[in-house]
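Accompanying notes for the structure given below.
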Amino acid sequence: MYAKCGSLTEAQMTFDRLPDKNVVSWTALITGYAKQGEGHLAIECFYKMQQQNLKANELTFSIILNVCGSIEDLYLGRKIHEHIVGNNGFECNIGIGNALIDMYAKCSSLEEACIVFNKLPSKDVISWGSMIAGFAQHDEGLYALQFFESMQCWLKPNKIIFLSILKACGTIGALDQGRRIHEKILESKLRLDIIVGNALIDMYANCGSMNEACGVFNSMSDRDMISWGAMVAGYAQLGLLDSAVVYYEGMQCCGIKPDNLTFTAILTACSHVGLVDEGWWYFTVSKNCIGIIPNESHYNCMIDLLSHAACLKEAEEQATLQPN
RNA sequence: ACAACUAUUGUCU
């Protein structure tokens, strides 16, 4: 209970006072640490538990695998995998299998994720979803699309599958495929909520079709920071600073304060077009008026902008110096 | 019996 409420100190204290600690109490504590992003503490608990000669169960393993994925510790993930194969009959368990797929995908080893996937005797929507998301996140949109197609011989895609596949279409600029998936979403009785809407905007924006992104944006009844941010980013990518700024200011008119990510997109737009003065202006104004504290990405953008501009100047000089 | 896990939407690198 304490672990779930995010009070880990109390969870730990209660745990320490328990006269008999069993797998359930250890797993509850490990889950608490994992959920709070304290991956290393979760792993430490996992080792301590084993020192007590307590055998981890399916749940303990899936949580630890999840931790391996989030801290991208492929080495430990493989060790746990071997341990599971060697000591328990869990390798055919779908929950463990899915956790393994996700772990390998998050650790960028899609080959190993694939091996686990192929070995799974029965695959559910989460098994497919973990693969598709893994491909989408590693710029392997074509594989994601292939898996998406094959999956439909067996299962109906759910909302999460659609979100992943839209992402995949965006990363490879597959506009036609994206449109077809948009239609499929409309055909399915899935509610076109803010998250699906945002994913559609993002897909169209990444495919460079701001008209369609705009269409989705306008059709939405509710919009959040991500909806606006995706529009800003879309125009920014194309170097259309003016349009990006329309949405950047639009969101502020709607009472949504741009965050660091939105602001980075604006600076990117300036950098793509080489607008040094505008970049500086937004950098200064946002710092002073909106209260955005520049972070590393912002400085990176500014460095990009300035070096890009310097190159252009040099290039211009070169061009004028050239005899013809 | 008690813990119940795992895939998902915006920026730069």
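Chain identifiers are assigned alphabetically (A, B, ...) following the order of the sequence lines, protein sequences preceding nucleic acid strands; residue numbering begins at 1 within each chain.
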Sugar-phosphate, base or nothing in reach of A/T27, heavy atoms under 4.0 Å = base
Closest contact, heavy atoms only, A/A230 versus A/I201 | CB-CG2, 3.7 Å
Rounded to the nearest Å, what distance is computed from the OH atom of residue A/Y204 to the C1' atom of nucleotide B/rG10?
-> 17 Å
Measure from CD1 on A/I161 to P on B/rU8 and round the result to the nearest Å.
-> 10 Å
Verify the contact: side-chain N or O of A/N66 to OP1 or OP2 of B/rU6, cut-off strictly under 4.0 Å; return yes or no.
-> yes
Quick one, which residues of residues 167-190 of chain A touch RNA chain B with a heavy atom under 4.0 Å?
-> A/K167
Give the table of side-chain donor-acceptor pairs shorter than 3.5 Å for residues 113-123 of chain A, with sequence neighbours excluded, one pair per line with atom names and distance.
residue, atom, partner, partner atom, Å
A/N118, ND2, A/C114, O, 3.2
A/K123, NZ, A/F117, O, 3.1
A/K123, NZ, A/L120, O, 2.8

Is the gap between the ring centers of A/W228 and A/Y248 under 6.0 Å?
-> no
Please determine, for the side chain of A/A230, which listed nucleotide (B/rU6, B/rC2, B/rG10) has the closest atom?
-> B/rG10
Any idea how A/H83 and A/F61 line up, ring-wise: parallel (<30°), tilted (30 to 60°), or perpendicular (>60°)?
-> tilted
Between CZ of A/F148 and C1' of B/rU8 the distance, given in whole Å, is 13 Å
For A/M231, answer base if it contacts any base atom (sugar-phosphate contacts may also be present), sugar-phosphate if it contacts only those atoms, and nothing otherwise; contact means non-hydrogen atoms under 4.0 Å.
-> nothing
Is the distance from OP1 or OP2 of B/rU6 to the nearest side-chain N or O of A/K106 less than 4.0 Å?
-> no
Using a heavy-atom cut-off of under 4.0 Å over every strand shown, decide if A/T268 touches base, sugar-phosphate, or nothing.
-> sugar-phosphate
If you look at every heavy atom in A/A42 and A/I64, which pair is closest and at what distance?
-> O-CD1, 3.9 Å
For the pair A/Q152 (side chain) and A/F148 (backbone), establish whether a donor and an acceptor sit closer than 3.5 Å, ignoring hydrogens and angles.
-> yes
Do A/W26 and A/T60 come close enough that some side-chain heavy atom pair is under 4.5 Å?
-> no
Going by distance alone, is a donor N or O of one side chain under 3.5 Å from an acceptor N or O of the other, for A/H138 and A/Y143?
-> no
Nearest-nucleotide pick for A/D102, side chain only, options being B/rU6, B/rG10, B/rA3 = B/rU6
Write down the distance between CD1 (A/I84) and P (B/rU6), rounded to a whole number of angstrom.
-> 15 Å
Presence of donor-acceptor pair under 3.5 Å, side chain of A/N57 and base of B/rA3 = yes
Can you tell me the distance, in whole Å, between the CG atom of A/N198 and the P atom of B/rG10?
-> 9 Å
Measure from CG on A/N98 to P on B/rC5 and round the result to the nearest Å.
-> 14 Å
Specify the separation, in whole Å, of atom CD1 of A/I266 and atom C1' of B/rU11.
-> 10 Å
Pairwise side-chain hydrogen bond (donor to acceptor under 3.5 Å, both in side chains) hits with a residue in residues 96-105 of chain A, at least two apart = A/H81-A/Y104, A/N98-A/D124, A/N98-A/S127, A/D102-A/K106
Sugar-phosphate only, base, or nothing, as touched by A/D224 at under 4.0 Å among non-hydrogen atoms = nothing
Flag side-chain contact, heavy atom, 4.5 Å: A/I43 against A/I71 = yes
A/M210 versus A/L238, closest heavy-atom pair with distance = CG-CD1, 3.6 Å
Looking for any heavy atom pair under 4.0 Å, which part of the strands does A/N260 touch: base, sugar-phosphate only, or nothing?
-> nothing
Within residues 124-143 of chain A, residues whose heavy atoms come under 4.0 Å of RNA chain B = A/V125, A/I126, A/G129, A/S130, A/A133, A/Q137
Involving RNA chain B, stems made of at least three consecutive Watson-Crick or G-U pairs, both distances under 3.5 Å | none
Within this structure, what is the OH-to-P distance between A/Y235 and B/rG10, rounded to whole angstrom?
-> 18 Å
Qualifying side-chain hydrogen bond (donor to acceptor under 3.5 Å, both in side chains) pairs with a residue from residues 161-181 of chain A, counting only residues at least two apart or across chains = A/D176-A/R179, A/Q177-A/R180, A/R179-A/E212
Do A/L145 and A/C169 touch side chain to side chain, with heavy atoms closer than 4.5 Å?
-> yes
